[in-house]
Q: 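First the structure, then my questions, so here it is.
Residue numbering restarts at 1 for every chain, and letters A, B, ... go by the order of the sequence lines. All values derive from a computational prediction rather than experimental measurement.
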Amino acid sequence: MHIYDSVQKTKLLFEPIHKGKVSIYVCGPTVYDDAHLGHARSALAFDLLTRTFKSLNYTVTLAKNFTDIDDKIIKKVQQSGKSMEEITSFYIARYLEEMDALGVQRADLEPKATESLRAIEAMIQTLLDKDFAYRISNGDVYFDTSKDRHYGSISHQVSEDDENQSRVAHTEEKRSPKDFALWKACKNEEEICFKTAFSTGRPGWHIECSAMIEKHFSGTENYSIDIHGGGADLLFPHHENEAAQSRCATGHELAKYWMHNGFVQIDGEKMSKSLGNSFFLKDALALYDGEVLRFYLNSVHYRNDFNFSEEELKLSKKRLDKIYRLKKRVSPGTASTVNQTFKTLLLNAMSDDLNISIALAVIDEMLAVTNEMLDSDPQNKVLKKECLANIAFIDTLLGFGGKEPFSYFQIGVDETLKQKITRMLQERSEAKKIKDFARSDAIRDELTELGISIMDTSEGTLWEKLS
RNA sequence: GGAGCCAUCGCCAAGCGGUAAGGCCGCAGCCUGCAAAGCUGCUAUCCCCGGUUCAAAUCCGGGUGGCUCCUCCA
């Protein structure tokens, strides 16, 4: 397995800390609002990563956190009158439902900030004890970036010039604009506050990830985990700060490899809540099947930016359709053993920093070859069984192609319409029997108007919903 | 102002110094009563200008254009 490390900015051979095992921590969402396509892209990218490791016979431990303490959540509590727990549990549940619909496998660990307060407090206390952090008069605790000689080594974005480092306003007591909050003291009684030795308040954004990783992963003398992942926007300052905290608190590096996924864009601009161009997952899933969305969002390499368009999504579906058409051809039946050449080619592609484009090309080649062989030998049962195994492997590795193929093409067609289609097809085949082609073609036109495409085969007439 | 990323056929997109994968669309053909599906065939010298090299889409320098980070952000 080779992966691109965003710290060294090059593709590296993956060598696990512990042989045969891989530990991955991905920054999850802040749960104060609905997830959009960008959240899906990130989840999907790391889902592909864990599936690939699993197929390579690694034992994977994946952690994805939920940030459930945050200024925006507090704001929402104040505005809505609901409790923090009500709000966060609602969005966590919805996030998980939507990820299920996309075929994202659940993380092994889903730590929350509210459940990690003791670990957070302990890490901040360690940093204070070791003099890597300082408390100011209002109770805030800051990380002293000047004490960390390696600060900047993750993102390479730290300026020598303090004035240019940040555009945010700073408290006077902060020693440097680069310093960041580990702990924010409560300013008034309405806020959500937790008692600690240093002050009553809440954790800063960066500390939870560092603390959770220490809490859940054993690590070694060199690294806490193998891979740390997240969106490209998290590289700086979030991951830089995480790395600094962990390095200074534990004496070793946080992660051996760092991976960052590219953005989902709308009309060439980053999708974000602040820009107001978000396409929410709940809306997308109301319009399109989760598997289709998954296929589309995964069809471009995870590090590239992804310019989303509904037209492209529909075109992308055609490529998925081809897998299911072949699956129809080889169904029903039981899968035998996956073709080893096919399996190797697919795995090789994904082992090269998740090269999905090559993987899809390998699949298309398998599709074409199998279709061709079936054209000349339609009853080849050995071939059919192997093909079912091949498609099952695609589903295991990439997470699509697993549905029952006939129902796949009928998603969105209700029972009433299905019965109507069946009646029309019966009438059409009777017309065809007596060579009344005018009548049979008229029925086909009616079906087209209903959004249904038909195809005559030796097994009878099949139909699909037009997308 | 500081720090990066990207630019390949009409569209999407691989390529990681050795002579341009794949998909969509289009055209022609096979199959079909006609279609659909499937199969076969056809379509690019890689934003521009220099340089390095026997050899560059791939490396270096300079442009142009787009995006991102430096504030919450996947």
Q: Identify whether any heavy atom of G229(A) sits under 4.0 Å from a base atom; if not, whether one sits that close to sugar-phosphate; answer base, sugar-phosphate or nothing.
A: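 G229(A): no heavy atom of the nucleic acid under 4.0 Å.
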
Q: Taking K403(A) for its side chain and Y408(A) for its backbone only, find out whether a donor-acceptor pair lies under 3.5 Å.
A: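 Not at all, since once roles are kept as given, no pair shorter than 3.5 Å links the two residues.
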
Q: Mind checking N304(A) for me? I need base, sugar-phosphate or nothing, with any heavy atom below 4.0 Å counting as a touch.
A: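 Sugar-phosphate contact only - N304(A) comes under 4.0 Å of backbone atoms but never of a base.
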
Q: Give a yes or no on whether the backbone of M366(A) and the side-chain of T370(A) come within a donor-acceptor separation of less than 3.5 Å.
A: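 Yes; at least one donor-acceptor contact below 3.5 Å.
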
Q: Donor-acceptor pair under 3.5 Å: do we get one between D456(A)'s side chain and the base of C34(B)?
A: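 Indeed, a donor on one side and an acceptor on the other fall under 3.5 Å apart.
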
Q: Given atom CD1 of I454(A) and atom C1' of A35(B), what is their separation to the nearest angstrom?
A: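 Distance, rounded to whole Å: 8 Å.
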
Q: Say we look at U71(B) and G63(B): how far apart would their C1' atoms be, to the nearest angstrom?
A: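 My reading of the C1' atoms in U71(B) and G63(B) gives 32 Å.
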
Q: Strictly by Watson-Crick or wobble contacts shorter than 3.5 Å, is anything paired with C34(B), and which nucleotide is it?
A: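 Per the H-bond distance test, none.
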
Q: Looking at N261(A), is its backbone amide N or carbonyl O close enough to the side chain of R303(A) to form a donor-acceptor pair, meaning the two atoms are under 3.5 Å apart?
A: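 No, the answer is negative, given that no donor and acceptor are paired below the 3.5 Å cut-off.
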
Q: When you compare C46(B) with A57(B), how far apart are their C1' atoms, in angstrom units rounded to a whole number?
A: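 Going atom to atom, C1' in each nucleotide, I get 5 Å.
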
Q: Under 4.0 Å, counting only non-hydrogen atoms across every strand here, what does K9(A) touch: a base, just sugar-phosphate, or nothing?
A: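 Answer is sugar-phosphate: K9(A) comes under 4.0 Å of backbone atoms only.
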
Q: For nucleotides 15-22 of chain B, give me every protein contact, N/O to N/O, under 3.5 Å, one pair per line with atom names.
A:
{"from": "G15(B)", "atom 1": "OP1", "to": "N355(A)", "atom 2": "ND2", "distance (Å)": "2.8"}
{"from": "C16(B)", "atom 1": "N3", "to": "K11(A)", "atom 2": "NZ", "distance (Å)": "2.8"}
{"from": "C16(B)", "atom 1": "N4", "to": "K11(A)", "atom 2": "NZ", "distance (Å)": "2.9"}
{"from": "G22(B)", "atom 1": "O2'", "to": "R319(A)", "atom 2": "NH2", "distance (Å)": "2.7"}
{"from": "G22(B)", "atom 1": "O2'", "to": "D364(A)", "atom 2": "OD2", "distance (Å)": "3.2"}

Q: Do other residues, nucleotides or ligands put more than 12 heavy atoms under 6.0 Å from the NZ atom of K418(A)?
A: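 Count over threshold, so yes.
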
Q: Would you mind classifying the nucleic acid contact of R428(A) as base, sugar-phosphate or nothing, using non-hydrogen atoms under 4.0 angstrom?
A: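 Counting heavy atoms under 4.0 Å across all strands, the contact made by R428(A) includes a base.
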
Q: With distance as the sole test, does Q410(A) use its side chain to make a donor-acceptor pair with the main-chain N or O of V413(A) at under 3.5 Å?
A: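 No, the answer is negative, given that no donor and acceptor are paired below the 3.5 Å cut-off.
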
Q: Classify D441(A) by what it touches in the nucleic acid, base, sugar-phosphate, or nothing, heavy-atom distance under 4.0 Å.
A: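 Base contact - D441(A) has a heavy atom under 4.0 Å of at least one base atom.
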
Q: Determine: side-chain N/O of K270(A) to OP1/OP2 of C69(B), distance under 4.0 Å, yes or no.
A: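 Result: yes.
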
Q: Would you indicate what V26(A) reaches in the nucleic acid, counting non-hydrogen atoms under 4.0 angstrom: base, sugar-phosphate, or nothing?
A: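 Contact class for V26(A): none.
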
Q: In whole Å, what is the span from the CZ atom of F180(A) to the P atom of C69(B)?
A: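 Computing the F180(A):CZ to C69(B):P distance gives 20 Å.
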
Q: Considering every strand and a 4.0 Å limit on heavy-atom distances, what is the contact class for L315(A): base, sugar-phosphate, or nothing?
A: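 L315(A): backbone/sugar contact only, no base atoms under 4.0 Å.
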
Q: Using the P atom in both, what is the distance from C12(B) to G17(B), to the nearest Å?
A: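 Approximately 26 Å lies between the P atom of C12(B) and that of G17(B).
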
Q: In whole angstrom, give me the gap between the P atoms of U8(B) and C47(B).
A: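 Roughly 6 Å separates the two P atoms.
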
Q: Base, sugar-phosphate, or nothing for E311(A), non-hydrogen atoms under 4.0 angstrom?
A: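 Nothing, no heavy atom under 4.0 Å.
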
Q: Taking the same atom, P, in C11(B) and in U19(B), what whole-Å distance lies between them?
A: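 26 Å, rounded to whole Å.
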
Q: Under 2.5 Å between the SG atoms: is that true for C193(A) and C186(A)?
A: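 Correct, these two cysteines form a disulfide.
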
Q: For atom CE of M455(A), decide whether the heavy atoms of other residues, nucleotides or ligands shown that lie under 6.0 angstrom number more than 12.
A: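 Yes, CE of M455(A) has more than 12 neighbouring heavy atoms, counting only those of other groups under 6.0 Å.
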
Q: Could you give the distance separating U45(B) and A20(B) at their P atoms, to the nearest angstrom?
A: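 It comes out at 11 Å once rounded to the nearest Å.
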
Q: Take atom P in G38(B) and the same atom in C48(B), then report the distance between them in whole Å.
A: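 It works out to 37 Å between them.
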
Q: Who does C9(B) pair with, Watson-Crick or G-U, both distances under 3.5 Å?
A: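 Here C9(B) is not engaged in any pair, so there is no nucleotide opposite it.
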
Q: Taking the same atom, C1', in C31(B) and in C39(B), what whole-Å distance lies between them?
A: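 Taking atom C1' in both C31(B) and C39(B), they lie 9 Å apart.
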
Q: Is there, by distance only and without an angle test, a donor paired with an acceptor across the side chain of R444(A) and the base of A35(B) below 3.5 Å?
A: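 Under the 3.5 Å cut-off, the side chain and the base do form a donor-acceptor pair.
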
Q: For C16(B), which nucleotide is its Watson-Crick or G-U wobble mate, given both distances must be under 3.5 Å?
A: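 WC or wobble partner does not exist here.
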
Q: For the base of A74(B) and the side-chain ring of F263(A), does the geometry meet a stacking cutoff of under 5.5 Å between centres and under 30° between planes?
A: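 The base of A74(B) is not stacked with F263(A) (the test needs centres under 5.5 Å and planes under 30°).
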
Q: Determine which nucleotide pairs with C72(B), using a 3.5 Å limit on both distances of a Watson-Crick or G-U wobble pair.
A: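 C72(B) is unpaired by these criteria.
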
Q: Below the 4.0 Å mark, does C24(B) have OP1 or OP2 next to a side-chain nitrogen or oxygen of K314(A)?
A: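 Answer is no, no contact under 4.0 Å.
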
Q: With sequence neighbours excluded, what pairs up with R41(A) under the side-chain hydrogen bond (donor to acceptor under 3.5 Å, both in side chains) test?
A: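 For R41(A), no residue satisfies side-chain hydrogen bond (donor to acceptor under 3.5 Å, both in side chains) once neighbours in sequence are set aside.
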
Q: If you take any heavy atom closer than 4.0 Å to RNA chain B, which residues from residues 31-40 of chain A end up in contact?
A: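 Contacts with RNA chain B under 4.0 Å: H36(A), G38(A), H39(A).
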
Q: Walk me through it: do D34(A) and Y95(A) pass the test side chain to side chain donor-acceptor pair (under 3.5 Å)?
A: CA-CA 7 Å; D34(A) 286 303; Y95(A) 177 87; over 6 Å; no

Q: Take H239(A) and H206(A), measure what ring pair (Phe, Tyr, Trp, His ring centres under 6.0 Å) needs, and give me the verdict at the end.
A: CA-CA 8 Å; H239(A) 289 163; H206(A) 315 297; 9.3 Å; no

Q: Closest to the R325(A) side chain: C70(B), A74(B), A37(B)?
A: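 That would be A37(B).
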
Q: Base, sugar-phosphate, or nothing: which does A368(A) touch, judged by heavy atoms less than 4.0 Å apart?
A: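 Sugar-phosphate: the residue A368(A), judged by heavy atoms under 4.0 Å, touches backbone atoms but no base.
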
Q: Looking at every strand, decide which applies to S440(A) at a 4.0 Å heavy-atom threshold: base, sugar-phosphate, or nothing.
A: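 Since a base atom lies under 4.0 Å of S440(A), the category is base.
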
Q: Can you tell me the base-pairing partner of G61(B)? Count Watson-Crick or G-U wobble geometry only, both distances below 3.5 Å, and say none if there is no partner.
A: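 Answer to the pairing question: C49(B), which forms a Watson-Crick or G-U pair with G61(B).
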
Q: For D179(A) and Y142(A), indicate whether the former's side chain and the latter's backbone hold a donor-acceptor pair under 3.5 Å.
A: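 The answer is no, because no donor-acceptor pair under 3.5 Å joins these two groups.
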
Q: Touch check for S453(A), heavy atoms < 4.0 angstrom, all strands: base, sugar-phosphate only, or nothing?
A: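 It contacts sugar-phosphate atoms only.
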
Q: Measure across A40(A) and L297(A) and return the closest heavy-atom pair with its distance rounded to 0.1 Å.
A: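 Scanning both residues, the minimum pair turns out to be CB-CD1, 3.9 Å.
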
Q: A74(B) phosphate, OP1 or OP2: any side-chain N/O from N261(A) under 4.0 angstrom?
A: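 Negative; the distance criterion is not met.
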
Q: With a 4.0 Å limit, can you tell me whether K328(A) has a side-chain N or O closer than that to the phosphate oxygens OP1/OP2 of G38(B)?
A: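 So the side chain of K328(A) is outside the cut-off, no N or O lying under 4.0 Å from OP1 or OP2 of G38(B).
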
